[in-house]
Participant: 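Take this structure first; my questions come after.
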Amino acid sequence: MRFTFVTLFSQLIEGYFSDSILRRAIDAELIEVEFVNPRDFSTNKFLKVDDYQVGGGAGLVLEPLALSLALDSIKRQNPKTHIIFLTPCAKTFLQNDAKRLSQREHITLVCGRYEGFDERLIELYADEVFSIGDFILTGGELAALCLCDSIARQVGGVLGNQDSLLGESYEKYLLEAPNFVKPHRFKNLTIPSEYSKGNHARIADLKLKAAEAKTKFHRPDLYVRYKQGLNDEK
Ligand code: SAH
């Protein structure tokens, strides 16, 4: 699977792929990452890619021409690419989106800067728009990395153990149960004793209860949907 980051600051992103799971995924040719800089498409003699807002307003906005030329060139190479704009003005990216998008062959992630994009770029080019939460970043690079990372780990073979994808947080609207490793006693806190007794049905039952309690406490909104799901299954 290929990811194309459209960004003015590829060096902010590159380091993330220099080690660990995603580095190995690139080496194993499970994923491919490339960068396109809109500045390379600027027709302005100073290579400017931003401009003042028509009608006034604080801050600069990415002007449409350079970015549109960059996106046209990506589409020429791969007309089927799925173009995602990162913007706080969108629905929040969710785990189900990561799973769904991991089926795509090529995703283009468009990172905004300054006050964001000329709105017409979104009209013309976006297949989808995503926010990563109700807060404002200085640019779309971190948001694009969040999407790429969570989509890539759904791609077959990227995680060493595919079972890691089972029962993760957000499956069926539940947060994952607490995990423990040795030692059994750590700074006077112990692991639930049943966990060490090897009765896997009992452990699964305890983990489900712990996951429910954790979800109810941290994410009452999810808990309501989890309960609804259980009722629908009946
Ligand atoms: N003025 C804009 C914010 C611009 S932030 C507004 O008030 O809506 C600059 C860029 O950072 C955005 O174009 C977007 O690409 C990125 N960005 C900031 N916050 C984000 C978020 N929560 N999710 C996704 N992208 C975000």
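Worth knowing before you read on, the calculation uses all heavy atoms, side chains too, and leaves out hydrogens, waters and symmetry mates. One-based numbering along the sequence shown.
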Participant: Under 6.0 Å from the CZ atom of F135, do we count more than 12 heavy atoms belonging to anything else shown?
Facilitator: yes
Participant: Could you grab the distance from atom CD1 of I107 to atom CD1 of I31, nearest 0.5 Å is fine?
Facilitator: 11.0 Å
Participant: Return the minimal non-hydrogen interatomic distance between L8 and N37, and the atom names on each side.
Facilitator: CD2-OD1, 3.4 Å
Participant: With a 4.5 Å heavy-atom cut-off, do F130 and L109 have their side chains touching?
Facilitator: no
Participant: Rounded to the nearest 0.5 Å, how far does CD1 of I203 lie from CG of L208?
Facilitator: 14.0 Å
Participant: Answer yes or no: does atom NZ of K48 have more than 12 heavy-atom neighbours from other residues, nucleotides or ligands under 6.0 Å?
Facilitator: yes
Participant: Just to verify, what does S18 make a side chain to side chain contact (heavy atoms under 4.5 Å, CB included) with, not counting sequence neighbours?
Facilitator: none
Participant: Rounded to the nearest 0.5 Å, what separation is found between the OG1 atom of T7 and the CZ atom of R39?
Facilitator: 10.0 Å
Participant: Other than I136, what residues sit in its cluster of Ile, Leu, Val, Met, Phe, Trp and Tyr side chains whose heavy atoms are under 4.5 Å apart, directly or through others?
Facilitator: none
Participant: If you count heavy atoms of other groups shown closer than 6.0 angstrom to NZ of K80, is the number above 12?
Facilitator: no
Participant: What are the two closest heavy atoms between I191 and P183, and how far apart are they?
Facilitator: CD1-O, 4.0 Å
Participant: Applying salt bridge (Lys or Arg N to Asp or Glu O under 4.0 Å) as the test, list every pair that has at least one member in residues 22-31; sequence neighbours left out.
Facilitator: R23-D27
Participant: Enumerate the residue pairs fulfilling side-chain hydrogen bond (donor to acceptor under 3.5 Å, both in side chains) with a member in residues 146-165, sequence neighbours excluded, ordered by first and then second residue.
Facilitator: Y16-D149, R153-E168
Participant: Looking at side-chain heavy atoms only, is the closest gap between Q228 and N231 below 4.5 Å?
Facilitator: no
Participant: Going from CZ on R113 to OG1 on T138, what distance comes out if it is rounded to the nearest 0.5 angstrom?
Facilitator: 4.0 Å
Participant: I'd like to know whether CD of E105 has more than 12 heavy-atom contacts from other residues, nucleotides or ligands below 6.0 angstrom.
Facilitator: no
Participant: Enumerate donor-acceptor pairs with a distance under 3.5 Å from any side-chain N or O in residues 58-65 to protein atoms, sequence neighbours excluded.
Facilitator:
unit_1	atom_1	unit_2	atom_2	d
E63	OE1	L65	N	2.8
E63	OE2	A66	N	3.3

Participant: Determine the minimum heavy-atom distance between A211 and L175, stating which atoms define it.
Facilitator: CB-O, 3.2 Å
Participant: With a 4.5 Å heavy-atom cut-off, do F93 and L101 have their side chains touching?
Facilitator: yes
Participant: Answer whether the closest heavy-atom distance between the side chains of N179 and K207 falls below 4.5 Å.
Facilitator: yes
Participant: Determine, step by step, whether D97 and R100 satisfy the salt bridge (Lys or Arg N to Asp or Glu O under 4.0 Å) criterion, reporting the C-alpha distance in whole Å, the side-chain angles of both residues, the deciding distance to 0.1 Å, and the verdict.
Facilitator: CA-CA 5 Å; D97 298 310; R100 173 173 60 82; 2.9 Å; yes
Participant: Looking only at heavy atoms, which two atoms of V158 and L30 are closest? And how far apart?
Facilitator: N-CD1, 3.8 Å
Participant: Grab the two heavy atoms, one from C146 and one from I132, that are nearest each other, plus how far apart they are.
Facilitator: SG-CD1, 4.0 Å
Participant: Between T92 (side chain only) and S131 (backbone N and O only), is there a donor and an acceptor less than 3.5 Å apart?
Facilitator: no
Participant: Where do A70 and V36 come nearest, in terms of heavy atoms and distance?
Facilitator: CB-CG1, 4.0 Å
Participant: Go through the structure and list residues passing ring-ring contact (aromatic ring centres under 6.0 Å, His included) with Y125, not counting sequence neighbours.
Facilitator: none
Participant: Can you list everything that forms a ring-ring contact (aromatic ring centres under 6.0 Å, His included) with F35? Sequence neighbours excluded, please.
Facilitator: F5
Participant: Can you name the salt bridge (Lys or Arg N to Asp or Glu O under 4.0 Å) partners of K99, sequence neighbours left out?
Facilitator: E171
Participant: Mind checking the OG-NZ spacing from S196 to K182? Nearest 0.5 Å is all I need.
Facilitator: 10.0 Å
Participant: Does a salt bridge link R120 with E123, judged by any charged N lying under 4.0 Å from a carboxylate O?
Facilitator: no
Participant: Sequence neighbours left out, cut at 3.5 Å: what donor-acceptor pairs do the side chains of residues 81-90 make with other protein atoms?
Facilitator:
unit_1	atom_1	unit_2	atom_2	d
T81	OG1	H106	ND1	3.2
T81	OG1	T108	OG1	2.8
H82	NE2	E128	OE2	2.7
T87	OG1	C89	N	2.9

Participant: Within the structure provided, determine whether E115 and Q53 are in side-chain contact (heavy-atom separation under 4.5 Å).
Facilitator: yes
Participant: Could you name each residue pair satisfying side-chain hydrogen bond (donor to acceptor under 3.5 Å, both in side chains) that touches residues 211-221, not counting sequence neighbours?
Facilitator: E212-Y226, R219-D221
Participant: Which residue pairs pass the ring pair (Phe, Tyr, Trp, His ring centres under 6.0 Å) test when at least one of the two sits in residues 153-192, sequence neighbours left out?
Facilitator: F180-Y195
Participant: Tell me, please, which residues at least two apart from N44 pass side-chain hydrogen bond (donor to acceptor under 3.5 Å, both in side chains).
Facilitator: none
Participant: Has E119 got more than 12 heavy atoms of other residues, nucleotides or ligands less than 6.0 Å from its CD?
Facilitator: no
Participant: With rounding to the nearest 0.5 angstrom, report the CG to CG distance, L71 to L124.
Facilitator: 10.0 Å
Participant: For R2, look at atom CZ and say whether over 12 heavy atoms of other residues, nucleotides or ligands are found less than 6.0 Å away.
Facilitator: yes
Participant: Between K209 and D205 (salt bridge meaning N to carboxylate O under 4.0 Å), is one present in this structure?
Facilitator: yes
Participant: Determine, step by step, whether I21 and L159 satisfy the side chain to side chain contact (heavy atoms under 4.5 Å, CB included) criterion, reporting the C-alpha distance in whole Å, the side-chain angles of both residues, the deciding distance to 0.1 Å, and the verdict.
Facilitator: CA-CA 7 Å; I21 292 176; L159 292 187; 4.1 Å; yes
